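Excluded from the calculations below are hydrogen atoms, water molecules and symmetry mates; all remaining heavy atoms, backbone and side chain alike, are included. These numbers come from a predicted model, not from an experiment.
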2 protein chains.
Amino acid sequence: MRVIDELGYRPRAAARELSAGHALTIGLVVTDLSNPFFARLADRIVWEARSHGVQVVLMTTQEDPHLEADSLDTLLDRSVSGVIATPTGGNIEKWRRLRDLGVNVVFIDRAIEELEDVDVVSIENFDSGQRSTEHLISLGHTRIGLITGPLTTSTGSARLNGYRAAHRNASLPVDPTLIRDVPFRGDAGGDAVGSLLAMRQPPTALIVANTAQVQSSVRRLVQMGTDIPDQLSLIVFDDNPWTELTSPPLSVIRQPLDMLAVHAIELVLGRMHGKLPDGARRIEVKADYLPRNSCAPVTAPVAR
Amino acid sequence: MRVIDELGYRPRAAARELSAGHALTIGLVVTDLSNPFFARLADRIVWEARSHGVQVVLMTTQEDPHLEADSLDTLLDRSVSGVIATPTGGNIEKWRRLRDLGVNVVFIDRAIEELEDVDVVSIENFDSGQRSTEHLISLGHTRIGLITGPLTTSTGSARLNGYRAAHRNASLPVDPTLIRDVPFRGDAGGDAVGSLLAMRQPPTALIVANTAQVQSSVRRLVQMGTDIPDQLSLIVFDDNPWTELTSPPLSVIRQPLDMLAVHAIELVLGRMHGKLPDGARRIEVKADYLPRNSCAPVTAPVAR
DNA sequence: TTGTAAGCGTTATCAA
DNA sequence: TTGATAACGCTTACAA
């Protein structure tokens, strides 16, 4: 021990991994880090992992299944003992194989229907969609726009279902032309905003129900000089650091990133140490509605 | 080859690393990912690294030298062949040892004076400080506040020197009470804003010269209801996605993240392959001033 | 308790 | 060109 200290000896990770057959490393696979949601999620995960002596290898997919497939191969080569990912939706077989090979997989933020035996940590998507819609309905809005990610994603469909349920409960019809499911990448959010406001009977309220579309949507609203909240009430998903710096400050659905990260890490590490019972876990944490000043009652009653 | 295909064989990274003595991996050591500047930087670096078949192990320091030291040890254990880092300023000996052990180190964004033989990629800090100050002076401002990171950091001191040079060139005195060098973490930016505006003779313009302080500074300005630009002209460092979403949109110094990332990766990989001449490289890329609507001429001439 | 040896999967060296 | 062999540094099982 004294000599170890004197020489500053440190065991070599590669040798240990080769001998053990697996690495004290997890892979983190997210879309990209320019989305503040994923960035802060990554920050929390790296932080939590560190406190357990686990390193994080970071890979980004740009929502592209090919890049995702590459990432998974690479992580497999590295014998990572776990993967935390926001899956693109593709590579079903690859994910399954990864899991069968003993890699602990945890999906965060979204799920994949076909992979029911994979752990998932997410917010209560249905509930978030419902509550934000209900809030706008309670302000008298009857034409509420919804911008969401592709409906093939679990977040997209669950939030839309919440939106629908809120309408149903209020005995309001759902106008399908107010619903825009758009791709994650590019300026799709902005375009959806443009076309919604150009409608003959435009919505009086808007929910941007995916973090990937918030920035481009808000940018477009600012460019168009839309008067918020008088002309349009607005709720966006996820409390970015800047949502309170706009005028007016935006009412948001706040996703509890810390909880998501902590649960994800605990699932991965728990399975690593075999401390968890078999069977997939689905953890849903509540997302709060944080009212600020971007929502107001409808100004004029809507003629029908 | 056919059998390789059939069996889906893939070489084991751990064995290769053990044999080769080093890993096709680099460490990325940044403060934290909740700062959009570092997040986007990390995004670009991961992306560039991937295109060269190199994986990235991510570690965060929270500006804490102890955490940084831990990170370096861990990376050393992993035999990474390179490290890209925004150094905290401490651990001088550790950095030097790392370099002497053959790990290619590239500092990004900031430098450490004592380590003159380490590659550095940064923006033209002096120039950025000078140009932003000059712009405000040309609008007639004579009392220009400056919020910057600790002056022990290369970015802090270089930007301050630029600020001073601009004053000198315009034969303006520098009022030291207008200069606030504050810690990176916490709400130091907001507090500096508060105390600057509470001065008997407050500044008519403000430069927030560090990304870490922008968010808390702007938040405080919004909270205080400061009229920008009529009451206070504002320039902030780094073009976050939200700087054009505030009202008014903020004039910024835009740091060319792509360039920083590309240069850093090229330096690390270039040295890995021994394609680079000896001797440290200092690459400085120009940062553009991007005028938006947060700067205006002084309203009333300052009584003297 | 301490010491020895085999094995992890790859690369590199040296013979054939 | 091909094929066998040692070495990388750690863990673990077994023998002394």
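- If you check the side chains of B:T211 and B:N35, you find a donor sitting under 3.5 Å from an acceptor.
- Computed from coordinates, the B:R16 CZ to C:dT10 P distance equals 8 Å when rounded to whole Å.
- Following rounding to the nearest Å, A:R12 (CZ) and C:dT10 (C1') show an atom-to-atom distance of 14 Å.
- Put simply, the side chain of B:N240 reaches to within 4.5 Å of the side chain of B:D238, judged on heavy atoms.
- Note: CZ (A:R78) to C1' (C:dC8) measures 17 Å, nearest angstrom.
- Whole-Å rounding puts the A:H22 NE2 to D:dC10 P distance at 16 Å.
- If you measure from atom CG of B:L18 to atom P of D:dG9, you get 7 Å, rounded to the nearest angstrom.
- B:E113 CD: 12 or fewer foreign heavy atoms inside a 6.0 Å radius.
- For A:Y9, the listed nucleotide lying nearest its side chain is D:dC10; candidates were C:dT10, D:dC10, C:dC8.
- For the side chain to side chain donor-acceptor pair (under 3.5 Å) with B:N91, the lone residue among B:R97, B:H66, B:R96, B:E68 that qualifies is B:E68.
- Rounded to an integer number of Å, the gap from A:E17 CD to C:dG9 P is 13 Å.
- Atom CG in B:L7 sits about 15 Å away from atom C1' in C:dG9, given to the nearest Å.
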